[in-house]
Asker: 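Pasting in a structure now, in structure tokens, and then I'll have a few things to ask.
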Amino acid sequence: MKKYSHIVSNNPSQPAAKAMLYGIGLSEKELNQPFIGIASTGYEGNPCNMHLNDLSTEIKENIGQNNLTGLIFNTIGVSDGISMGTPGMRYSLPSREVIADSMETVVEGLSYDGLVTVVGCDKNMPGALMAMLRLNRPSILSYGGTIASGKYKSKKLDIVSAFEAWGEHVSGKLEKNDFDCIIKNACPGAGACGGMYTANTMASAIEVMGFTLPNNSSIPAVSKEKLKDIDRIGGAMKNLIDLDLKPLDIISKKSFENAMVLITALGGSTNAVLHLLAIAHTAKIDFKLDDFQKISDKTPFLADLKPSGKYLMEDLHEVGGTSAVIKYLIEKGLIDGSCITVTGKSLSENLEEFPDLTKDQKIIRPIEEPIKESGHIRILKGNLAKDGAVAKITGKEGLIFKGKARVYNSEEEANLGIKNRQVVKGDVVVIRYEGPMGGPGMPEMLKPTSAIVGAGLGKDVALITDGRFSGGTHGFVVGHISPEAQKGGTIALIENGDAISIDAIKNTITLEVSEDILKERKSKWIKPNLKVSSGSLYKYAKCVSSASIGCITDNI
């Protein structure tokens with residue numbers, strides 16, 4: 001039962017360790033119980049995370065009621081919503097590695113027998129799951145839940161409403177008072193961004209992979225149901241310890257296929273591609289970029305959820321939640337319900353007691369009447385992205401785009417260009433030197449994409465980048481272009497006015513410039529210096545891999 005913690009709590013040759021455990025207030029009974037680390041990503045600076053320390057305290061109490069000793073520790077987070085469009089956004093993706101490293105460090109360093117991760121914002125979930133897999137000790141992930149919707153003039157709001165309001169305001173379509181009121185009312189309290197953005201995407205994916213308790217990912221943050229949700233954790237953790245059931249016993253290639261099916265059906269974030277690649281690398285499971293396309297080709301897009309649709313995660317919860325969607329997809333043969341989960345039971349067994357999607361609900365379309373017959377996430381290749389790129393194309397923007405390049409060497413330049421109305425109908429906006437190394441940190445481009453949508457150009461302008469996109473992005477967008485500009489990829493060679501073709505049917509992205517001209521441009525290209533010369537971003541830029549393999553940092 002105390003597979004690891006006996007080294008510090010029951011070893012006569014470690015008297016100082018035992019003395020310090022008495023010093024933190026543990027009783028004799030607590031010393032002799034399995035130690036469970038409770039890793040909270042809670043902090044005051046972000047709605048997604050502001051309530052997680054309180055949830056962690058509740059989890060500790062529940063764990064204690066099940067004859068386990070819970071010990072809370074904290075790790076960091078970066079709010080994408082707050083840092084978006086600022087230099088701070090460059091720290092967002094690297095925070096995934098810091099979260100994984102710090103959780104691994106504490107659990108290994110202090111000899112804990114198991115782990116509960118309490119998570120909220122985008123990088124929390126993949127970072128926590130990567131740590132769980134590295135440690136391979138009985139573990140559960142608990143998602144803090146989605147935010148409630150805001151409201152202004154009878155219109156539901158969320159964080160993307162604020163970004164798009166800026167685009168409307170700078171284009172002269174929205175008065176300042178209305179703009180200010182939208183900003184004040186978009187985020188009414190605790191919880192992660194409300195649409196099928198990256199946080200809800202990754203929470204849903206990790207649930208279907210078997211690492212959360214059933215329906216955990218769709219229960220709203222501020223609700224009585226969330227308290228009931230976390231009250232299940234102590235018993236589940238005790239069962240995991242008794243069974244010695246570990247993350248590497250649960251995960252399989254089928255887990256990743258299930259995750260990608262659910263993400264596709266729900267219209268989830270392209271960031272899931274980066275994170276699932278990194279998680280697969282950690283688990284040493286062969287799941288590559290091309291696997292995403294294979295699954296997307298045969299999986300219909302069903303959910304009318306934001307950013308491209310109408311509804312929020314709180315609305316999905318009201319019609320049955322994630323568990324009901326998974327149950328439906330199992331019944332339709334798209335998800336393998338035999339996969340084991342943290343309950344010790346299979347996905348199908350877990351869902352026997354959960355309700356189906358409610359009748360007459362409008363959020364999840366029948367498989368026979370999809371929004372799009374194949375997935376919205378497209379893996380594109382061509383001379384512009386020889387190692388691949390990731391597009392998020394729902395079909396509402398069309399499936400093919402041809403236009404002339406409007407090139408910017410940073411997100412800041414692009415934002416200024418959009419604000420000054422340089423971008424016009426028919427443009428392919430190119431934002432480069434924002435990749436994993438060039439950023440550094442591969443920042444998200446939600447501000448420029450939201451500004452384009454807010455300016456009324458969402459269907460008339462494409463945007464491509466070696467950076468990435470927020471789960472809140474919609475429009476005709478292509479990110480993760482690899483090789484990135486900093487490494488001399490073709491995106492570095494584009495000039496204003498070059499013709500670019502994007503085809504989400506053939507899955508191609510082409511710079512319509514001859515190879516001879518590209519060779520000439522490449523001979524004149526000078527690799528720019530990194531934007532940083534010290535600190536954590538410098539270390540990240542020096543060791544991060546291509547986006548095409550998940551921006552991992554341990555592949556040196």
Side-chain angles (χ1 to χ4, degrees), residues 39-41 46 48-49 52 75-80 89 91-104 107 115-136 139-144 192-193 196-212 216-217 247-248 250-251 255-256 258-260 262-263 266 268-285 287-289 291-292 342 377 390 436 441-444 468-471 479-480 540 544-555:
S40 174
T41 57
N46 185 19
C48 310
N49 298 69
L52 299 184
T75 185
I76 62 102
V78 174
S79 167
D80 289 13
M89 185 66 211
Y91 288 86
S92 171
L93 184 58
S95 77
R96 183 188 74 186
E97 313 308 308
V98 178
I99 290 164
D101 291 349
S102 59
M103 289 183 180
E104 175 194 354
V107 173
L115 177 64
V116 177
T117 60
V118 189
V119 292
C121 196
D122 297 10
K123 310 311 168 293
N124 299 177
M125 279 74 74
L129 183 52
M130 289 161 67
M132 290 159 59
L133 290 163
R134 290 182 198 173
L135 291 160
N136 201 33
S139 304
I140 295 174
L141 183 140
S142 182
Y143 177 50
C193 300
M196 192 46 59
Y197 311 145
T198 305
N200 284 326
T201 297
M202 290 311 302
S204 301
I206 292 170
E207 178 178 328
V208 80
M209 293 174 83
F211 291 100
T212 78
N216 166 258
S217 62
L248 292 179
I250 293 169
I251 204 161
S255 307
F256 288 92
N258 283 346
M260 189 55 196
L262 183 62
I263 289 164
L266 292 176
S269 168
T270 54
N271 279 319
V273 176
L274 278 181
H275 298 322
L276 289 176
L277 286 171
I279 292 164
H281 170 79
T282 304
K284 296 181 172 58
I285 287 174
F287 195 72
K288 300 291 194 299
L289 199 59
D291 291 313
F292 289 90
V342 289
I377 292 179
V390 181
M442 204 180 181
E444 293 177 347
R468 60 195 176 95
F469 295 111
S470 162
H480 308 203
Y540 185 81
V544 68
S545 77
S546 166
S548 63
I549 57 173
C551 296
I552 55 176
T553 56
D554 60 349
N555 199 41

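Quick note: residue numbers are just sequence positions, from 1.
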Asker: Using ring-ring contact (aromatic ring centres under 6.0 Å, His included) as the criterion, list what pairs up with Y91, not counting sequence neighbours.
Answerer: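 Y91 satisfies ring-ring contact (aromatic ring centres under 6.0 Å, His included) with no residue once adjacent residues are dropped.
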
Asker: With side chain to side chain contact (heavy atoms under 4.5 Å, CB included) as the test, would you mind laying out the steps for H275 and L93 before giving the verdict?
Answerer: CA-CA 10 Å; H275 298 322; L93 184 58; 3.9 Å; yes

Asker: Does the side chain of M103 come within less than 4.5 Å of M130's, by heavy atoms?
Answerer: no

Asker: What's the separation between atom CZ in R468 and atom CG in L274, rounded to the nearest 0.5 Å?
Answerer: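 The CG atom of L274 is 7.0 Å from CZ of R468, to the nearest 0.5 Å.
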
Asker: Assess the side chains of D554 and H281: does a donor N or O sit below 3.5 Å from an acceptor N or O?
Answerer: yes

Asker: Residues two or more places apart in sequence or in another chain: which of them pass side-chain contact (heavy atoms from CB on, under 4.5 Å) with L248?
Answerer: L133, N136, I251, A283

Asker: Please report the interatomic distance CG(N216) to CD1(I140), rounded to the nearest 0.5 Å.
Answerer: 9.5 Å

Asker: When rounded to the nearest 0.5 angstrom, what is the spacing between CG in L129 and CD1 in I206?
Answerer: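 Going from CG on L129 over to CD1 on I206, the span is 5.0 Å.
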
Asker: So, using side-chain hydrogen bond (donor to acceptor under 3.5 Å, both in side chains) as the criterion, who are the partners of S102 when residues are at least two apart?
Answerer: T75

Asker: Quick one: does T201's side chain get under 4.5 Å of L266's, heavy atoms only?
Answerer: no

Asker: So, taking the atom named CZ in F211 and the one named OG1 in T117, what distance separates them when rounded to the nearest 0.5 Å?
Answerer: 10.5 Å

Asker: C551 and R96: which non-hydrogen atoms are nearest, and at how many Å?
Answerer: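 Here C551 and R96 meet closest at O-NH2, 3.1 Å.
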
Asker: Taking all non-hydrogen atoms of both residues into account, name the closest pair between S269 and S470 and its distance.
Answerer: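 That would be OG-C, 4.4 Å.
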
Asker: Should F469 and V390 count as side-chain neighbours, where that means a heavy-atom distance under 4.5 Å?
Answerer: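 The answer is no, as the side chains (C-beta and beyond) never meet within the 4.5 Å cut-off.
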
Asker: Check whether any side-chain heavy atom of E207 sits under 4.5 Å from a side-chain heavy atom of N258, and report yes or no.
Answerer: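 No, their side chains stay 4.5 Å or more apart.
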
Asker: Which residues satisfy the side-chain contact (heavy atoms from CB on, under 4.5 Å) test with A259, sequence neighbours excluded?
Answerer: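 Per chain and number, A259 pairs via side-chain contact (heavy atoms from CB on, under 4.5 Å) with A205, V208, M209, L276.
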
Asker: Does the side chain of T212 reach to within under 4.5 Å of the side chain of L141, using non-hydrogen atoms?
Answerer: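 In contact.
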
Asker: Test of understanding: with ring-ring contact (aromatic ring centres under 6.0 Å, His included), list the residues that count as partners of F256, not counting sequence neighbours.
Answerer: F287

Asker: Could you tell me the separation between the OG atom of S139 and the CZ atom of R134, rounded to the nearest 0.5 Å?
Answerer: 13.0 Å

Asker: For Y143 and A192, which heavy atoms make the closest approach, and how far apart are they?
Answerer: OH-CB, 3.1 Å

Asker: Give me the atom names and distance for the closest heavy-atom approach of P436 to Y540.
Answerer: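 Scanning both residues, the minimum pair turns out to be O-CE2, 3.8 Å.
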
Asker: For N124, give me all partners under side-chain hydrogen bond (donor to acceptor under 3.5 Å, both in side chains), at least two apart in sequence or on another chain.
Answerer: T41, N49

Asker: For the atom pair NZ (K123) and CE (M202), what is the distance rounded to the nearest 0.5 Å?
Answerer: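 Spacing of NZ (K123) from CE (M202) equals 10.0 Å.
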
Asker: Kindly give the heavy-atom pair with the smallest separation between C193 and C48, and that separation in Å.
Answerer: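 Result for this residue pair: N-SG, 4.1 Å.
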
Asker: Is any side-chain heavy atom of N271 less than 4.5 Å from a side-chain heavy atom of E444?
Answerer: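 They are in contact (side-chain heavy atoms under 4.5 Å apart), so the answer is yes.
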
Asker: Are T198 and D80 close enough that some pair of their side-chain heavy atoms sits under 4.5 Å apart?
Answerer: no

Asker: Measure across A199 and G120 and return the closest heavy-atom pair with its distance rounded to 0.1 Å.
Answerer: CB-O, 3.6 Å

Asker: Quick one, S204 and I263 - any side-chain contact, counting heavy atoms below 4.5 Å?
Answerer: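 Result no, sub-4.5 Å side-chain heavy-atom pair not found.
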
